[in-house]
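Reviewing the structure listed below.
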Amino acid sequence: MNAVNYPALLQVFESTAIAAGREILRIYIEGCDVALKDDNSPVTAADRAAEAIILEALRQTTPDIPIVAEEEISGGHVPGDLGNRFYLVDPLDGTREFVNRNGDFTVNIALIEDGAPVLGIVYAPVRGWLFTGGPDGAQEVTVDSAGSVTTRNSISCRTAPKEMIAVASRSHRTPETDEYLKGFAIADCVSVGSSIKFGLLARGEADIYPRLSRTMEWDTAAGDAVLRAAGGITLTLDGKPLTYGRRNQANDADFANPSFVARGRF
């Protein structure tokens with residue numbers, strides 16, 4: 001593979017995520033219709049508009065890197081051979097949270113190399129939180145209502161205390177998740193939507209996030225990149241790092257994740 005200028009590409013991720021977030025917020029304020037995709041998950045004009053912004057920026061910057069993007073995949077536009085390097089894009093992670101108007105939705109962009117997330121950005125436009133991760137570490141960036149960066153700080157996972165803070169999906173929490181957490185000393189379990197959960201782990205506010213219900217790779221790759229850059233890890237239930245680029249799976253669709261546990265430092 002040719003070398004990638006990670007800092008420069010992360011700047012593209014950042015400016016693009018903020019631009020996509022600005023368009024999402026415009027539609028969020030104005031309101032829009034909600035449609036259902038074939039899998040009964042919701043999709044809105046905000047999903048499609050944000051994805052268009054992201055795809056244009058990535059294809060202009062790195063035209064040779066394939067892109068796996070949620071709404072393109074849903075529309076039947078599936079890339080061919082991904083090679084060893086590709087992007088995973090979820091333009092609006094947490095569409096249910098968008099529809100429910102609780103603010104827990106994010107823009108997710110990740111670069112995958114050899115199955116691992118090496119660069120990622122998660123931007124929650126309502127909250128003004130932006131998390132980045134790459135070879136130089138993880139950062140939390142504050143973005144104001146005008147889309148300008150106001151603060152930038154390095155972040156890292158904490159070493160888990162004896163009684164941990166867990167995070168769980170707001171819309172997809174299952175009895176299996178609660179049962180899994182009974183195996184740990186949990187002081188509190190916070191329900192949060194979208195990839196914000198990975199951000200809370202990365203900045204040391206939480207320690208463990210089990211996900212035992214279905215997710216897709218574009219749901220997790222960006223947050224996973226941030227988490228790994230902050231010193232954490234996402235593992236499958238057999239203890240192996242979660243990998244990306246799963247295709248031709250015997251028991252699930254392309255790009256579907258297995259169950260996993262994301263965690264800080266243990």
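Side chains included, hydrogens not; waters and symmetry mates left out as well; all remaining heavy atoms used. Computed from a predicted structure; not experimentally measured.
Between V34 and P42, the shortest heavy-atom contact is CG1-CB, 3.7 Å. Closest approach of C32 and A45 over heavy atoms only: SG-N, 4.3 Å. The two atoms that bring I67 and P79 nearest to each other are O-CG, 3.6 Å, heavy atoms only. In this structure, E217 and G245 approach most closely via the heavy-atom pair OE1-N, 2.7 Å. When all heavy atoms of E71 and P91 are compared, the closest pair comes out as CG-CG, 4.2 Å. Taking every heavy atom of both residues into account, I165 and A187 meet most closely at CD1-CB, 4.2 Å.
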task = Verify side-chain contact (heavy atoms from CB on, under 4.5 Å) between W218 and V89, making sure each step is shown before the conclusion.
result = CA-CA 5 Å; W218 47 76; V89 172; 5.9 Å; no

query = Checking side chain to side chain donor-acceptor pair (under 3.5 Å) for the pair N153/E140: CA distance, chi angles, key distance, verdict?
reply = CA-CA 5 Å; N153 297 292; E140 180 179 2; over 6 Å; no

Residues Y209, S169; criterion side chain to side chain donor-acceptor pair (under 3.5 Å); working and verdict = CA-CA 9 Å; Y209 161 39; S169 172; 5.9 Å; no

request  = Show the numbers, then the answer: is there a side-chain contact (heavy atoms from CB on, under 4.5 Å) between I208 and V261?
outcome  = CA-CA 7 Å; I208 188 168; V261 179; 3.7 Å; yes

inquiry  = Between F255 and R246, does the side-chain contact (heavy atoms from CB on, under 4.5 Å) criterion hold? Intermediate values first, please.
reply    = CA-CA 5 Å; F255 309 113; R246 296 171 181 265; 5.8 Å; no

task = Dump the intermediate steps for side-chain contact (heavy atoms from CB on, under 4.5 Å) on S74 and V43, then the final yes or no.
result = CA-CA 10 Å; S74 177; V43 63; over 6 Å; no

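Hydrophobic clustering (ILVMFWY, side-chain heavy atoms < 4.5 Å, transitive): L242 and I233 are in distinct clusters. Note: the hydrophobic cluster containing I53 does not contain L55 (ILVMFWY, side chain heavy atoms under 4.5 Å, direct or indirect links). Note on L111: it does not cluster hydrophobically with V226, by side-chain heavy-atom contacts below 4.5 Å among ILVMFWY residues. Residues V12 and F131 do not share a hydrophobic cluster, clusters being chains of Ile/Leu/Val/Met/Phe/Trp/Tyr side chains in contact below 4.5 Å. The hydrophobic clustering, which links ILVMFWY residues whose side-chain heavy atoms are closer than 4.5 Å, places V126 and I27 together.
Shown here is D238, whose CG atom has more than 12 heavy atoms of other residues, nucleotides or ligands within 6.0 Å. Few gaps surround CG on D144; more than 12 heavy atoms of other groups in view lie less than 6.0 Å from it. When the shell of 6.0 Å around CD of E56 is examined, it contains 12 or fewer heavy atoms from other residues, nucleotides or ligands. In this structure, E30 places its CD atom where more than 12 heavy-atom neighbours from other residues, nucleotides or ligands lie under 6.0 Å away.
E205 contributes atom CD, which lies 14.5 Å from atom NZ of K197 (distance to the nearest 0.5 angstrom). The structure places CG of D114 at 15.0 Å from OH of Y244, a figure rounded to the nearest 0.5 Å. For the atom pair CZ (R211) and OG (S259), the distance works out to 9.5 Å, reported to the nearest 0.5 Å. With rounding to the nearest 0.5 angstrom, the CD1 atom of I54 is 11.5 Å from the CZ atom of R59. Between the CG atom in L201 and the CZ atom in R265 there is a gap of 12.0 Å [rounded to 0.5 Å]. To the nearest 0.5 Å, atom CG of residue N2 and atom CG of residue N5 are 13.0 Å apart.
Side-chain contact check for V192 versus L200: some heavy-atom pair is nearer than 4.5 Å. Counting heavy atoms from C-beta outward, T132 and E14 have side chains that approach closer than 4.5 Å. Contact of the T62 side chain with the Y87 side chain is registered, since non-hydrogen atoms from C-beta on lie closer than 4.5 Å. The shortest distance between side-chain heavy atoms of M216 and L88 does not fall below 4.5 Å. By the 4.5 Å heavy-atom criterion applied to side chains, P258 and L237 are not counted as neighbours. The shortest distance between side-chain heavy atoms of V4 and V118 does not fall below 4.5 Å. At a threshold of 4.5 Å between non-hydrogen side-chain atoms, the residues F266 and M164 count as touching. Looking at P117 and R228, their side chains come closer than 4.5 Å, going by heavy atoms from C-beta outward.
Looking at residues two or more places apart in sequence or on another chain, you find a side chain to side chain contact (heavy atoms under 4.5 Å, CB included) between A17 and V107, I109, I121, Y123. Taking the ring pair (Phe, Tyr, Trp, His ring centres under 6.0 Å) definition, one finds that Y28 meets it with F98, F105, sequence neighbours left out. By the side chain to side chain contact (heavy atoms under 4.5 Å, CB included) test, A229 pairs with A138, sequence neighbours left out. In this structure R127 satisfies the side chain to side chain contact (heavy atoms under 4.5 Å, CB included) test together with D104, A124, W129, I196, sequence neighbours excluded. Under the side chain to side chain contact (heavy atoms under 4.5 Å, CB included) criterion, T174 pairs with E176, T177, S213, sequence neighbours left out. Taking F184 as the reference, Y180 meet the ring pair (Phe, Tyr, Trp, His ring centres under 6.0 Å) condition, with sequence neighbours excluded.
In this structure, the side chain of E72 does not engage the main chain of V78 through any donor-acceptor pair within 3.5 Å. Side chain of T16 to main chain of F13: no donor-acceptor pair is present (N/O by atom type, distance under 3.5 Å, no hydrogens or angles). Panel note: side chain N100, backbone N102; no donor-acceptor pair is recorded below 3.5 Å. The main-chain N or O of T106 is never found under 3.5 Å from a side-chain atom of D93 such that the two would form a donor-acceptor pair. Side-chain N or O atoms of T236 include one that pairs as donor or acceptor with a backbone N or O of K240 at under 3.5 Å.
No hydrogens or angles considered: a donor-acceptor pair under 3.5 Å links the side chains of T95 and D47.
Classification of E51 and R48 as a salt-bridged pair fails, no side-chain N sitting under 4.0 Å from a carboxylate O. One finds a salt bridge joining D207 and R158 here, because a Lys/Arg side-chain nitrogen approaches an Asp/Glu carboxylate oxygen to under 4.0 Å. For R214 and D252, the salt-bridge test passes: some basic side-chain N is under 4.0 Å from an acidic carboxylate O.
Exactly one residue among V149, I18, T150 makes a side chain to side chain contact (heavy atoms under 4.5 Å, CB included) with V141. That residue is V149. Checking each of T234, T220, D224 against N257 for a side chain to side chain donor-acceptor pair (under 3.5 Å) leaves exactly one that passes, namely T220.
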